[in-house]
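For the numbers below, each heavy atom of this structure counts, side chains included, while hydrogens, waters and symmetry mates do not.
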Amino acid sequence: MKVIDKILEDEKKVVFSFEFFPPRTEDGVENLLERMDRMVAHNPAFCDITWRASNADLTLDIANKMQNMICVETMMHLTCTNMPVDMIDHALQTIKSNGLQNVLALRGDYDSKFVHIQGGFACALDLVTHIRATYGDYFGITVAGYPEAHPDVIEEDNGLATPESYQSDLAYLKRKVDAGADLILTQLFYDTDIFFKFVNDCRQIGITCPIVPGIMPINNYKGFIRMTGLCKTRIPAQVTAALEPIKDNEEAVRAYGIHLATEMCNKILAHGIRTLHLYTMNMEKSALAILMNLGLIEEAKISRPLPWRRPANNGKEDGESSQQIKGDNPTNCST
């Protein structure tokens, strides 16, 4: 089922979803699948898995297991930089044959190794256009939205995009929607007023599809600083003031992260938006605590053991470090 259809079938119902990324090791993958299984017991509308260009087969395998073994509606990220069209089509045909109907279409991050492939795609708009032209309406296509503008146009000296760059970024987002995208998922943010302005600005230029806010709980201080730096996300002064005295206390940072994300989600729901997407960093405790605070899940929920795997951790207690399961960058600061 397409995610857009699940969201629209009951627009008064609050729906939530989780994002994960592929770990680097076999043990990490098994651990992640077990964690997903526990989290899916809380009935998210969908879960998505990020694309690891260095190991596409791993992403495709995890996406297949999510859809057909864990049995959650799955959205797979797909980037198009450094990707020949036949590799992109292989990925799309593979997930189609496995019953997946949802793709998050992204450019991918430019780096020093980027070389434009002859006949390949240069941006997410090209990818959206190709998917619609080749696969018709089979796939639900999600694209990324950037409440503070894309990191590429945010200036280093003041951390802001110029008004012209911001408007150009919005216009490009509309082109992606007009080309066939039916859902927008935002980059992380920590100022809900910025998100509300972004939604209003989108509506003003004729973007009518649902805009899903991406919420990243603060699990540890160093990870928070690294991710906000990578994505050039503004940190409100009150967040900095709250974190500075506790930055070396991981439990205190995590507790504050849960509190902050709960406050943000409450403001978003009060604003009439009924969708929440949690960037889990492959960790469950903060995400589930936020949802419990919001009254969206039950505190006591029996997890479903899967018959195709041995018992989780072979009887060992399941702990969760503040360091996520090792893997590539979980978010795509790409367009």
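- A side-chain donor-acceptor contact under 3.5 Å links Tyr166 and Asp201.
- Within the 4.5 Å cutoff, no side-chain heavy atoms of Thr50 are placed close to those of Thr59.
- Residues Leu92 and Leu58 are members of one and the same hydrophobic cluster, defined by side-chain heavy-atom contacts under 4.5 angstrom among Ile, Leu, Val, Met, Phe, Trp and Tyr.
- Note on ring orientation: taking the six-membered ring where Trp is involved, the planes of His277 and Tyr279 are perpendicular (angle over 60°, cut-offs 30° and 60°).
- Taking every heavy atom of both residues into account, Ala63 and Ile49 meet most closely at CB-CG2, 4.0 Å.
- Connection of Ile154 to Phe198 is not established within any shared hydrophobic cluster, with ILVMFWY side chains joined at heavy-atom distances below 4.5 Å, either directly or through further cluster members.
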Verdict with reasoning, Lys96 to Tyr138, per side-chain contact (heavy atoms from CB on, under 4.5 Å): CA-CA 8 Å; Lys96 183 180 179 182; Tyr138 176 81; 3.4 Å; yes
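- Atoms CG and CD, on Asn266 and Glu263 in that order, are 8.0 Å from each other to the nearest 0.5 Å.
- Remark: Lys2 fails to qualify as a cation-pi partner of Phe139 under the 6.0 Å distance and 45° angle criteria applied to the six-membered ring.
- Glu148 places a side-chain heavy atom less than 4.5 Å from the side chain of Ile194.
- Grouping the Ile, Leu, Val, Met, Phe, Trp and Tyr side chains by contacts below 4.5 angstrom, directly or via other members, places Val143 apart from Val153.
- Between Glu284 and Arg38, at least one side-chain N (NZ, or NE/NH1/NH2) sits under 4.0 Å from a carboxylate O, which counts as a salt bridge.
- You'll find the side chain of Val177 stays beyond 4.5 Å of the side chain of Cys202, heavy atoms only.
- Separation of the Phe224 and Tyr190 ring centroids falls under the 6.0 Å cut-off.
- Between Asp48 and Thr142 there is no side-chain heavy-atom pair separated by less than 4.5 Å.
- Side-chain contact between Met264 and Asp191 is absent, with no heavy-atom pair separated by less than 4.5 Å.
- Two residues are said to be in side-chain contact when any heavy atoms from C-beta on lie closer than 4.5 Å; Arg254 and Asn220 fail this criterion.
- Residues Pro217 and Ser286 come closest through the heavy atom pair CB-CB, 4.1 Å.
- Atom CZ of Arg175 has 12 or fewer neighbouring heavy atoms from other residues, nucleotides or ligands inside a 6.0 Å radius.
- For the residue pair Leu106 and Ala144, the shortest heavy atom distance occurs at CD2-CB, 3.8 Å.
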I would like to know whether Phe20 and Leu33 meet side-chain contact (heavy atoms from CB on, under 4.5 Å); could you show each step before the answer? CA-CA 10 Å; Phe20 304 97; Leu33 291 171; over 6 Å; no
Take Ser97 and Thr94, measure what side chain to side chain donor-acceptor pair (under 3.5 Å) needs, and give me the verdict at the end. CA-CA 5 Å; Ser97 68; Thr94 298; 5.4 Å; no
Determine, step by step, whether Ile297 and Met292 satisfy the side-chain contact (heavy atoms from CB on, under 4.5 Å) criterion, reporting the C-alpha distance in whole Å, the side-chain angles of both residues, the deciding distance to 0.1 Å, and the verdict. CA-CA 5 Å; Ile297 65 173; Met292 284 189 284; 3.5 Å; yes
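- Listed by first then second residue, pairs satisfying salt bridge (Lys or Arg N to Asp or Glu O under 4.0 Å) with a partner in residues 203-223 number zero, not counting sequence neighbours.
- Between the side chains of Asn293 and His259, not a single donor N or O lies within less than 3.5 Å of an accepting N or O.
- Residues Asn200 and Gln204 form a side-chain contact, since some pair of their non-hydrogen atoms from C-beta on lies under 4.5 Å apart.
- In this structure, CD1 in Ile141 is found 10.0 Å from NE2 in His130, a value given to the nearest 0.5 Å.
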Walk me through it: do Thr275 and Ile268 pass the test side-chain contact (heavy atoms from CB on, under 4.5 Å)? CA-CA 9 Å; Thr275 54; Ile268 289 167; over 6 Å; no
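- Nearest heavy atoms, Gln67 versus Thr74: OE1-N, 3.0 Å.
- Contact of the Ile70 side chain with the Lys65 side chain is not registered, since no non-hydrogen atoms from C-beta on lie closer than 4.5 Å.
- For the pair Glu244 and Lys247, the salt-bridge criterion is met [side-chain N within less than 4.0 Å of a carboxylate O].
- Of the options Val15, Ile273, Leu8, a side-chain contact (heavy atoms from CB on, under 4.5 Å) to Pro210 is made by Leu8 and by none of the others.
- In terms of heavy-atom proximity, Arg107 sits nearest to Cys123 at CG-CA, 3.8 Å.
- To the nearest 0.5 Å, atom CD of residue Glu19 and atom CG of residue Asn282 are 9.0 Å apart.
- Classified by interplanar angle (parallel below 30°, tilted 30° to 60°, perpendicular above 60°), the ring pair Phe196/His271 is parallel.
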